[in-house]
Protein chains: 2
Amino acid sequence: MKLAYLAKIPQAQAALRATGERVTEPRVAVLATLLSSDHAMSHLDVAAMVAKHHTIDRVTVYRVLDWLVGVSIAHRIAGDDRVWRFMLNPQASAQGAGKKTAHHAPSHAHAHFTCNTCGQTFCLDKVQPKMNVKLPTGFRTTEVDLKIRGLCAECK
Amino acid sequence: MKLAYLAKIPQAQAALRATGERVTEPRVAVLATLLSSDHAMSHLDVAAMVAKHHTIDRVTVYRVLDWLVGVSIAHRIAGDDRVWRFMLNPQASAQGAGKKTAHHAPSHAHAHFTCNTCGQTFCLDKVQPKMNVKLPTGFRTTEVDLKIRGLCAECK
DNA sequence: AACCTTTTTGCGACTCAATTGCATCTACGA
DNA sequence: TCGTAGATGCAATTGAGTCGCAAAAAGGTT
Ligand SMILES: [Mn+2]
Ligand SMILES: [Mn+2]
Ligand SMILES: [Zn+2]
Ligand SMILES: [Zn+2]
């Protein structure tokens, strides 16, 4: 919880400018929101936060979120409640974020933790799922997702 | 693909009787369907298969599927398309399947593989995600989910 | 600064998996 | 055979996410 939306706006603008793509109010607002959170946020979470300072359509929030994933600034995490949650990629603010990639960021190889009690989802950037899994013959891996459920530090 | 729905009906009935719960036509039909599949099936997959032999409401199929998860005969797998897929637990036919558990079957500790091309989801019962993951202080694990995406043997 | 072209946004309608409420039916123990 | 807890059918509803299109920027150019 590093609640500091307003303070994150300049950083958001800089990161967006670095992509070479258009810097718009909805993009700044959504990115600043993600920058202010230490855990993954659903579309609804983001929209609610953004609504405190702007009037932005929910469809636009959906599209901005998808766009942020496309330009490798954020990644999306599937929840057990059929809701996507979004979080910044590890070094999103520092690096210039490469061009659009098909899916996840290439550097996105960390685990996710969801607390059974508070429902919050975190990225465990330290936990590299170095799976030396033996797949059946003929199977080829392109991506690995590790999801851990349990109790977070707050809720234990 | 071991397509043999009718042949699985006695086995389904036996497994259901073993739970001590009520043995109904929808339950037999849905379980026989799952028994006849080597890969995870969506609600729609199951309903379509069942419809060839019975007239069962789609809501009932939803409820039976949930019930099968509850009594630890099957487990559900979240897809990237926001659709649940269901598959029998490893030894569902042999064991007497314990009482209702809160979530996944306790013995459910295997990985899932989804093919990017054909979309089929398989359970990799051989792949035990023996994660020696280091969680942040205070975090406690209750469940680990490993999802692998790639190309299956058929599609490669 | 006015202009042009390309994106992006707002809004309404829509999709579709899954859920809910409720009346009716049924599996199965007594 | 009966009684009843539990299961089913049906219609309505929820809710995340998507689509089409016209109006509104963003940002480069003159
Ligand atoms: Mn992550
Ligand atoms: Mn499985
Ligand atoms: Zn928690
Ligand atoms: Zn395949």
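Lettering follows sequence order; numbering is per chain, from 1. Computed from a predicted structure; not experimentally measured.
For D81(A) and dG15(D), the CG to P distance is 13 Å, given to the nearest whole Å. One interatomic measurement links the two molecules: CD of E21(A) to P of dT9(C), which rounds to 11 Å at whole-angstrom precision. The nearest whole Å value for the distance from the NE2 atom in H43(A) to the C1' atom in dT18(D) is 12 Å. Atom OH of Y62(A) is separated from atom P of dG15(D) by 12 Å (rounded to the nearest Å). Rounded to a whole Å, the CG atom of L65(B) is 15 Å from the P atom of dA7(D). Following rounding to the nearest Å, D80(B) (CG) and dT18(D) (P) show an atom-to-atom distance of 13 Å. Remark: C1' of dT18(D) and CH2 of W84(A) are 14 Å apart, rounded to the nearest angstrom. Atom CD in Q13(B) sits about 11 Å away from atom P in dC28(C), given to the nearest Å.
Checking dA16(D), dG17(D), dG27(D) against every side-chain atom of L44(A), the shortest atom distance belongs to dA16(D). Of the candidate nucleotides dG10(C), dA16(D), dT19(C), dG10(C) has the atom nearest to the side chain of R63(A). The listed nucleotides are dG10(C), dC28(C), dA18(C); the one nearest the side chain of T60(A) is dG10(C). Closest contact between the side chain of R58(A) and the listed nucleotides dT8(C), dA13(C), dA12(D) involves dA13(C). Comparing dG9(D), dA18(C), dA27(C) by their nearest atom to the side chain of D57(B) picks out dG9(D). Among the nucleotides dT9(C), dT20(C), dT18(D), the one closest to the side chain of V64(A) is dT9(C).
Classification of the F113(A)-F139(B) ring pair by plane angle, with boundaries at 30° and 60°, yields perpendicular. A perpendicular orientation is assigned to the rings of H75(A) and H110(A), their planes being inclined by more than 60° (bins at 30° and 60°).
Residue I56(A) is in sugar-phosphate contact alone, with no base atom involved, counting any heavy-atom pair closer than 4.0 Å across all strands shown. Contacts of V83(A) with the nucleic acid, taken as non-hydrogen atoms under 4.0 Å apart, involve only primed sugar atoms and P, OP1 or OP2. Within the nucleic acid shown, R27(A) comes within 4.0 Å of sugar-phosphate atoms alone, with no base atom in reach, counting heavy atoms only.
Between E25(A) and V61(B), the residue anchored nearer the 5' end of DNA chain D, judged by the nucleotide with its closest heavy atom, is V61(B).
Closest approach of T114(B) and K147(B) over heavy atoms only: OG1-CE, 3.7 Å.
A donor-acceptor pair under 3.5 Å links the side-chain atoms of R82(B) to the main chain of R82(A), judged by distance alone.
H53(B) and Y5(B) have their aromatic ring centers within a separation under 6.0 angstrom.
If you check distances only, the side chain of R82(B) never reaches the base of dG17(D) with a donor-acceptor pair under 3.5 Å. Evaluation of atom-type donor-acceptor distances gives a pair under 3.5 Å for the side chain of R22(A) against the base of dT6(C).
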